[in-house]
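All remarks here apply to the structure that follows.
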Protein chains: 2
Amino acid sequence: MNDRVSDDSTKDRILDAAESIFAEKGFKGSSVRAITEKAGVNIAAVNYHFSSKTGLLEAICDRRLIPLNKLRSERIKGILSEAEKSKTTPRTKEVLRAFIEPTMKLKETEPGAKDFIAFIGRAFNDPDGTARDVFLKFMKPMAELLYRALSAALPDMPKELLFWRLQFAMGAFGHTMQGDMTGALKAFGIEADTKVSPLEMLLDFMTAGMESTYK
Amino acid sequence: MNDRVSDDSTKDRILDAAESIFAEKGFKGSSVRAITEKAGVNIAAVNYHFSSKTGLLEAICDRRLIPLNKLRSERIKGILSEAEKSKTTPRTKEVLRAFIEPTMKLKETEPGAKDFIAFIGRAFNDPDGTARDVFLKFMKPMAELLYRALSAALPDMPKELLFWRLQFAMGAFGHTMQGDMTGALKAFGIEADTKVSPLEMLLDFMTAGMESTYK
DNA sequence: GTCTATATGCCGATAGAC
DNA sequence: GTCTATCGGCATATAGAC
């Protein structure tokens, strides 16, 4: 048995290549040909190992999104049960952090995972029905748990307002995840400062937005 | 002369159909065949009138995005010159409103424009290079003006932080523009309340995020 | 300006040899 | 499990009749 995410098998070579090409070109824009060429395997291998291009997409989600959502869920459930025990309200920012921090950590530590993160950042808005459907299927229980936790953190907020704000926050998150901003920063004549962390900036922004009482 | 955005000419029938199909399926996912069929014109008409599929995309942006950005720009420039005259700082929320309100208004008043809005909401994150490049080309001066106006509204904020927060805000905006949330609302068991305006909710969220001093 | 017919090419998927 | 060869389909784009 091998618990590494990737090894040198044909299957994993295809998964690695697909992750990277999907991230760059989207699901529809990526051809099985391009994927197998990058992986250095025969074009027929995708159908042999994954049945279809869609099957390959599902395998990618199995490999990365399931473990990622497991981490997120455990942290959020921990926050919820601790709040229940102490009869307090969870803090909005900690709930959001529990969702987002594992994503950033995966991006930094797991080689190749940054392609996956970029891909799901945009799968969320991907016009291709197949990609969106697969992605939403994998995300549904996670989204419900996040919504519940934010409900607990902001118990007096009308549910529809909470829902919309969660949409806004997820839009900000998804857009941040897809691709890096280095080029855009330069285009605005801004020098990047490595002291500031995108994670903390995003959490501040989201938390303020979620909790806003701005008039 | 005819100053309506759309009439019954072949050209406009194609633009209307393309707008709607691009919105649903993205640029790559939309075929010229599907567009001409929906428009009720011959398949060769796209190349005759617009040279290519990409030319068609550019014509769509010409028709909608240029006038929309003109409205946005005029309002933002008005805010900037008024602030200069009165030696005050523009208000963040009013700058954001000047950018977003014309979008919402276009969506409500111009028939068919809601397809365009949904499309640009996602063109922003569209993995297809062609669509993203065309869109960004049309948006560049607009983005720079918006950044300048927010700089004026938040003069003490470090430029890199301002830049990132603008990215977050645009992510929230783009995600909100693409498609309607009715289905998702129902999936969360939330009854939609027409009294609350997505525009105001979004502006509150964005303004709080932009101005956040949350620790 | 609109049509048919077609050129040319890439797509996902598979059959069948090894 | 990996290969070659190929199928059938759909894509964009165009040539040329009307």
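Every heavy atom of this structure was used, including side-chain atoms; hydrogens, water molecules and symmetry mates were not. Note on naming: letters A, B, ... go to the chains in the order of the sequence lines (proteins, then strands), and numbering restarts at 1 for each one.
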Expressed in angstrom and rounded to an integer, what is the separation of Asn42(B) atom CG from dA13(D) atom P? 15 Å
Shortest non-hydrogen contact from Leu80(A) toward Ala149(A): CD2-CA, 3.9 Å
Among residues two or more places apart or on two chains, list those pairs meeting salt bridge (Lys or Arg N to Asp or Glu O under 4.0 Å) that have a residue in residues 32-41 of chain A. none
Among pairs that include at least one residue of residues 166-194 of chain B, which meet salt bridge (Lys or Arg N to Asp or Glu O under 4.0 Å), considering only residues two or more places apart or in two chains? Asp193(B)-Lys195(B)
Anything under 4.0 Å to a heavy atom of chain A counts; send over the first and last such nucleotide of DNA chain C, read 5' to 3'. dC11(C) to dT14(C)
Taking Thr176(A) for the side chain and Ala172(A) for the main chain, is one N or O donor matched with an acceptor at less than 3.5 Å? yes
One thing to verify: whether Glu144(B) and Arg148(B) come together as a salt bridge, which I'm taking to mean a side-chain N less than 4.0 angstrom from a carboxylate O. no
Name the atoms and distances for all side-chain donor-acceptor pairs under 3.5 Å in residues 97-104 of chain A, with sequence neighbours left out.
{"unit_1": "Arg97(A)", "atom_1": "NH1", "unit_2": "Glu101(A)", "atom_2": "OE2", "d": "3.3"}
{"unit_1": "Arg97(A)", "atom_1": "NH1", "unit_2": "Glu200(A)", "atom_2": "OE2", "d": "2.9"}
{"unit_1": "Arg97(A)", "atom_1": "NH2", "unit_2": "Glu200(A)", "atom_2": "OE1", "d": "3.3"}
{"unit_1": "Glu101(A)", "atom_1": "OE1", "unit_2": "Arg75(A)", "atom_2": "NH1", "d": "3.0"}
{"unit_1": "Glu101(A)", "atom_1": "OE1", "unit_2": "Arg75(A)", "atom_2": "NH2", "d": "3.2"}
{"unit_1": "Thr103(A)", "atom_1": "OG1", "unit_2": "Arg72(A)", "atom_2": "NH2", "d": "2.8"}
{"unit_1": "Thr103(A)", "atom_1": "OG1", "unit_2": "Phe99(A)", "atom_2": "O", "d": "3.3"}
{"unit_1": "Thr103(A)", "atom_1": "OG1", "unit_2": "Ile100(A)", "atom_2": "O", "d": "3.2"}

Using whole Å, report how far CD1 of Ile43(B) lies from P of dA15(D). 15 Å
Can you tell me which residue among Glu110(A), Glu58(A), Glu19(A) is in a salt bridge (Lys or Arg N to Asp or Glu O under 4.0 Å) with Arg63(A)? Glu19(A)
Please list, one pair per line, the donor and acceptor atoms closer than 3.5 Å that link side chains of residues 21-30 of chain A to other protein atoms, with sequence neighbours excluded.
{"unit_1": "Ser30(A)", "atom_1": "OG", "unit_2": "Ile21(A)", "atom_2": "O", "d": "3.2"}
{"unit_1": "Ser30(A)", "atom_1": "OG", "unit_2": "Gly26(A)", "atom_2": "O", "d": "2.6"}

What are the residues of residues 46-59 of chain A, sorted by number, that bring a heavy atom to within less than 4.0 Å of DNA chain D? Tyr48(A), His49(A)
